[in-house]
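Data block below; observations after.
Reckoned from all heavy atoms, side chains included, excluding hydrogens, waters and symmetry mates. Here is the naming used below: chain letters follow the sequence lines, and residue numbers restart at 1 for every chain. Just so you know, these numbers come straight off a predicted model, no measurement behind them.
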There are 2 protein chains.
Amino acid sequence: MADSAEGRPEPEEGAAGPREGVLHRVAEAGRAMSDAAVLYHGELSSRLGLGATDWKILGLVQAAGSVSAGELVRRSGLKPASITGVLDRLERRGLLRRVRDEADRRRVLVEPAPGLEDGRVELFEGLLRRLAELCGHYTDAELELVAGFMEEAARRQLEATAELQGQEPPER
Amino acid sequence: MADSAEGRPEPEEGAAGPREGVLHRVAEAGRAMSDAAVLYHGELSSRLGLGATDWKILGLVQAAGSVSAGELVRRSGLKPASITGVLDRLERRGLLRRVRDEADRRRVLVEPAPGLEDGRVELFEGLLRRLAELCGHYTDAELELVAGFMEEAARRQLEATAELQGQEPPER
DNA sequence: CCTTATATTTCGTTCGAACGAACTAAATAA
DNA sequence: TTATTTAGTTCGTTCGAACGAAATATAAGG
């Protein structure tokens with residue numbers, strides 16, 4: 001890792017040195033990726049005929065691999081009755097399945113439907129192909145660097161999300 | 001640019017060589033960023049009390065700077081009556097304003113409310129601070145590389161989105 | 001001027017998501 | 001065993017977003 005920004009010699013105030021330029025470029029690129037991701041996810045979900053909530057829950061299930069319905073209630077902020085509805089819709093479309101928890105038969109475990117466990121649908125194919133092609137233009141070392149940055153950026157964005165959730169809602 | 005993936009010597013099939021490893025890592029990082037972005041946007045919009053549609057239209061308006069209502073109808077796929085509703089809600093919350101087009105007084109131009117024209121709200125502060133700190137760990141050259149990759153990735157994701165939109169919806 | 005086309009809004013309706021309350025089933029405590 | 005708590009579902013209601021049709025206002029053509 002390079003030294004921290006604080007220790008770096010500052011170009012004269014106001015004038016945009018190379019550092020300011022590149023920081024701005026990274027910020028813009030991040031925003032562009034973010035917007036693109038939101039649009040892409042939106043298109044994917046509408047293509048599956050899923051509302052935003054259903055899509056979100058499906059994401060939670062896929063991330064977890066196997067979760068109880070109650071856990072989804074906790075993580076999503078929805079009420080139990082609503083989760084039941086979401087799961088009904090997703091199950092009806094064959095995107096996940098409910099399994100009785102044999103250890104505690106009150107519980108219902110939810111899992112991605114067979115075939116969607118890991119990656120997602122073949123709808124991703126178009127994006128994955130394009131990104132693979134992009135990677136072809138970079139060396140392993142360069143990709144390591146890029147991946148490291150993106151991993152950290154994602155982690156921090158989740159942090160920022162949690163921070164937002166933690167604050168009390170402004171006013172309604 | 002490095003040579004394309006096709007020309008690269010393949011490690012024996014099945015065994016994950018360093019190339020496979022790093023490609024996988026990039027893919028995972030991309031997915032992590034994507035998910036984080038979706039969650040962050042979701043939290044931001046719910047924090048502003050906006051539905052997904054309102055948030056999307058607001059994004060279109062901010063991207064365009066100034067658009068007519070009809071143009072939003074075209075770009076969003078919503079019906080005119082719905083756009084009117086969206087704009088009512090956004091305007092009531094002070095996030096944008098309607099201005100009569102003096103050149104053609106049938107039209108209504110929509111603009112981001114003063115103070116939200118460029119970047120977005122101060123809600124972004126937490127995220128921006130974290131990302132700036134992250135950038136502090138990298139040199140200018142490294143950040144140029146990262147930014148270039150992310151710009152291209154975003155462009156390709158938009159392409160993939162357009163491709164999805166172009167295809168006929170599967171079945172309903 | 002009068003007709004027709006375009007841009008947006010108004011109104012009333014429809015549809016689905018989220019909810020509270022009541023209910024069933026299973027685990028746990030007494 | 002019986003009582004109590006926990007997990008999830010069912011049912012009926014509410015609320016808002018998206019819509020079609022009709023209304024309004026402005027522009028453009030004959």
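E111(A) is linked by a side chain to side chain donor-acceptor pair (under 3.5 Å) to R97(A), counting only residues two or more places apart in sequence or in another chain. For D101(B), the side-chain contact (heavy atoms from CB on, under 4.5 Å) test picks out A103(B), D104(B), R107(B), L109(B), with sequence neighbours left out. By the side-chain contact (heavy atoms from CB on, under 4.5 Å) test, A32(B) pairs with A154(A), sequence neighbours left out. Contacts of V73(A) classified as side-chain contact (heavy atoms from CB on, under 4.5 Å), with partners at least two apart in sequence or in another chain: P80(A), I83(A). By the side chain to side chain donor-acceptor pair (under 3.5 Å) test, R156(B) pairs with E133(A), E152(B), sequence neighbours left out. Checked against salt bridge (charged side-chain N to carboxylate O under 4.0 Å, His left out), R74(B) has the following partners two or more places apart in sequence or in another chain: E71(B). Taking the side chain to side chain donor-acceptor pair (under 3.5 Å) definition, one finds that E144(B) meets it with R25(A), sequence neighbours left out.
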Can you tabulate the close N/O pairs, meaning under 3.5 Å, that link protein atoms to atoms of nucleotides 28-30 of chain D?
none

Which atoms of nucleotides 14-16 of chain D (N or O only) lie under 3.5 Å from a protein N or O atom, and what are those distances?
none

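Distances were taken from every side-chain heavy atom of S68(A) (C-beta onward) to each of dA18(C), dT9(D), dG8(D); the shortest belongs to dG8(D).
Taking 4.0 angstrom as the limit, T53(B) places a side-chain polar atom (N or O) nearer than this to OP1 or OP2 of dA18(D).
Other residues sharing the hydrophobic cluster of L158(B), ordered by chain and number and joined by side-chain separations under 4.5 Å: L39(A).
Protein atom CG of D54(A) is 11 Å distant from nucleotide atom C1' of dA18(C), rounded to whole Å. Between R92(A) atom CZ and dA17(C) atom C1' there is a gap of 13 Å when expressed in whole angstrom units. Taking atom CG on D101(A) and atom P on dA25(C), their separation rounds to 18 Å, with Å as the unit. For D88(B) and dA17(D), the CG to P distance is 11 Å, given to the nearest whole Å. Rounded to whole angstrom, the span from the CZ atom of R100(B) across to the C1' atom of dT8(C) amounts to 7 Å. Counting to the nearest Å, the C1' atom of dA25(C) and the CZ atom of R105(A) are 10 Å from each other. Computed from coordinates, the W55(A) CH2 to dA17(C) P distance equals 16 Å when rounded to whole Å. Atom CZ of R98(B) and atom C1' of dT9(C) are 8 Å apart (whole Å).
A ring pair (Phe, Tyr, Trp, His ring centres under 6.0 Å) check over residues 142-166 of chain B, counting only residues at least two apart or in different chains, returns the pairs Y138(A)-F149(B).
Two residues are said to be in side-chain contact when any heavy atoms from C-beta on lie closer than 4.5 Å; R75(B) and V67(B) meet this criterion. In this structure the side chain of S76(B) reaches within 4.5 angstrom of the side chain of I57(B), judged on heavy atoms.
Contacts between residues 71-83 of chain A and DNA chain D, counted as heavy-atom distances below 4.0 Å, involve P80(A), A81(A).
Among the atoms of the strands shown, only primed sugar atoms or phosphate atoms (P, OP1, OP2) are found under 4.0 Å from some heavy atom of G70(A).
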